[in-house]
Amino acid sequence: MMQLIKNLSEPKNLLVVCILYTVIITLLFLVPLHIGTTSTIPIDKLVHFSLNGALVFLWGFYLTKKSGVTHWRNLLFVLLFAIIYGIIIEILQEELTASRIADLWDVVANTLGCFAGLFFLKLFKIKFSS
């Protein structure tokens, strides 16, 4: 298992993982899904938060592995790209699907998830660099 993780964390393999992840979540965001709420926090907001957090984490990790160091410009690029991606996804949901609508709270969840992904990337880097 550790060998698999080590192989996946090689930059060329990690790039494939990042691209596949991005394609998969794009499709998930654009297909009709019926996720209800089971508490005061709608589950779909948690999904948006988590998927966008993972998006930032993966792409940030890839750029860090590729360059060998963590450049703040790379992380800022990933963060801004992911936030813009989340906004575009919401617009596409409104324009391209009949069963999904654009939701400002999804954009908020996407954006907060992006910042959380960056936070967890920093924690991950600190934990494994020492």
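The figures that follow rest on heavy atoms only: side chains count, while hydrogens, waters and symmetry mates do not. Numbers for residues simply follow the sequence, beginning at 1.
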Participant: Would you find more than 12 non-hydrogen atoms of other residues, nucleotides or ligands less than 6.0 Å from Tyr21 atom OH?
Facilitator: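 More than 12 within 6.0 Å, yes.
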Participant: Between atom NE2 of His48 and atom CD1 of Ile25, what is the distance when rounded to the nearest 0.5 Å?
Facilitator: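 Result: 10.0 Å between the selected atoms.
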Participant: Restricting to side-chain contact (heavy atoms from CB on, under 4.5 Å), what partner residues turn up for Leu118, sequence neighbours left out?
Facilitator: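 Leu118 satisfies side-chain contact (heavy atoms from CB on, under 4.5 Å) with Val56, Leu75, Leu79 only.
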Participant: Test: salt bridge (charged side-chain N to carboxylate O under 4.0 Å, His left out). Region: residues 105-120. Which pairs qualify, not counting sequence neighbours?
Facilitator: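 Every salt bridge (charged side-chain N to carboxylate O under 4.0 Å, His left out) pair that includes a residue of residues 105-120, provided the two are not neighbours, is Lys45-Asp106.
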Participant: What's the separation between atom CG in Leu104 and atom CD1 in Ile87, rounded to the nearest 0.5 Å?
Facilitator: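 Going from CG on Leu104 over to CD1 on Ile87, the span is 9.5 Å.
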Participant: Can you tell me how far apart SG (Cys18) and NZ (Lys66) are? Round to the nearest 0.5 Å.
Facilitator: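 The distance works out to 11.5 Å.
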Participant: At their closest point, which heavy atom of Leu30 faces which heavy atom of Leu92, and how far apart are they?
Facilitator: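 So the two residues come closest at CD2-CB, 3.8 Å.
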Participant: Is there a side-chain contact between Phe29 and Leu51, using heavy atoms and a 4.5 Å cut-off?
Facilitator: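 Yes - at least one pair of side-chain heavy atoms lies under 4.5 Å apart.
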Participant: From Leu28 CG over to Ile89 CD1, what is the distance, rounded to the nearest 0.5 angstrom?
Facilitator: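 Rounded to the nearest 0.5 Å, the CG-CD1 separation comes to 10.0 Å.
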Participant: Taking ring-ring contact (aromatic ring centres under 6.0 Å, His included) as the test, write out the residues that go with Phe61, two or more places apart.
Facilitator: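 Listed in chain order: Phe124.
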Participant: Is Leu55 close to Thr22 at the side-chain level, that is, under 4.5 Å between some pair of heavy atoms?
Facilitator: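 A side-chain contact under 4.5 Å exists here.
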Participant: So, using side-chain contact (heavy atoms from CB on, under 4.5 Å) as the criterion, who are the partners of Leu76 when residues are at least two apart?
Facilitator: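 Result, side-chain contact (heavy atoms from CB on, under 4.5 Å) vs Leu76: Trp72, Leu80.
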Participant: Just by distance, no angles: are the side chains of Thr26 and Tyr85 close enough, under 3.5 Å, to form a donor-acceptor pair?
Facilitator: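 There is such a pair (donor and acceptor under 3.5 Å, judged by atom type) between the side chains of Thr26 and Tyr85.
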Participant: Rounded at 0.5 Å granularity, tell me how far CG in Leu121 sits from CG in Leu63.
Facilitator: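 Answer rounded to 0.5 Å: 9.5 Å.
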Participant: I'd like to check Val17 versus Asn13 (side-chain heavy atoms, cut-off strictly below 4.5 Å). Are they in contact?
Facilitator: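 The answer is no, as the side chains (C-beta and beyond) never meet within the 4.5 Å cut-off.
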Participant: Working note: Asn74 + Val78, criterion side chain to side chain contact (heavy atoms under 4.5 Å, CB included); need CA distance, chi angles, decisive distance, verdict.
Facilitator: CA-CA 6 Å; Asn74 288 347; Val78 169; 5.6 Å; no
Participant: Determine the interplanar angle of the Tyr62 and Trp59 rings, folded into 0 to 90°, and report it as parallel if under 30°, tilted if 30 to 60°, perpendicular if over 60°.
Facilitator: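 Taking Trp59 first and then Tyr62, their aromatic rings stand perpendicular (interplane angle over 60°).
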Participant: Going from CZ on Phe81 to SG on Cys114, what distance comes out if it is rounded to the nearest 0.5 angstrom?
Facilitator: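 One gets 10.5 Å once the value is rounded to the nearest 0.5 Å.
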Participant: For residues Leu96 and Ile88: do they belong to one hydrophobic cluster (side chain heavy atoms under 4.5 Å, members Ile, Leu, Val, Met, Phe, Trp, Tyr)?
Facilitator: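 In one cluster: yes.
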Participant: Taking only residues two or more places apart in sequence, or in another chain, which ones meet Leu112 in a side-chain contact (heavy atoms from CB on, under 4.5 Å)?
Facilitator: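 For Leu112, the residues satisfying side-chain contact (heavy atoms from CB on, under 4.5 Å) (neighbours in sequence not counted) are Phe49, Val108.
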Participant: What residues form a side-chain contact (heavy atoms from CB on, under 4.5 Å) with Ala102, not counting sequence neighbours?
Facilitator: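 With sequence neighbours excluded, Ala102 shows a side-chain contact (heavy atoms from CB on, under 4.5 Å) to Glu90, Glu94, given in chain and number order.
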Participant: Is it possible for you to say whether Leu46 and Trp105 belong to one hydrophobic cluster, with membership spreading through side-chain heavy-atom contacts below 4.5 Å?
Facilitator: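 In one cluster with Leu46: Trp105, no.
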Participant: Return the minimal non-hydrogen interatomic distance between Lys65 and Leu14, and the atom names on each side.
Facilitator: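 Shortest heavy-atom contact: CG-CD2, 4.1 Å.
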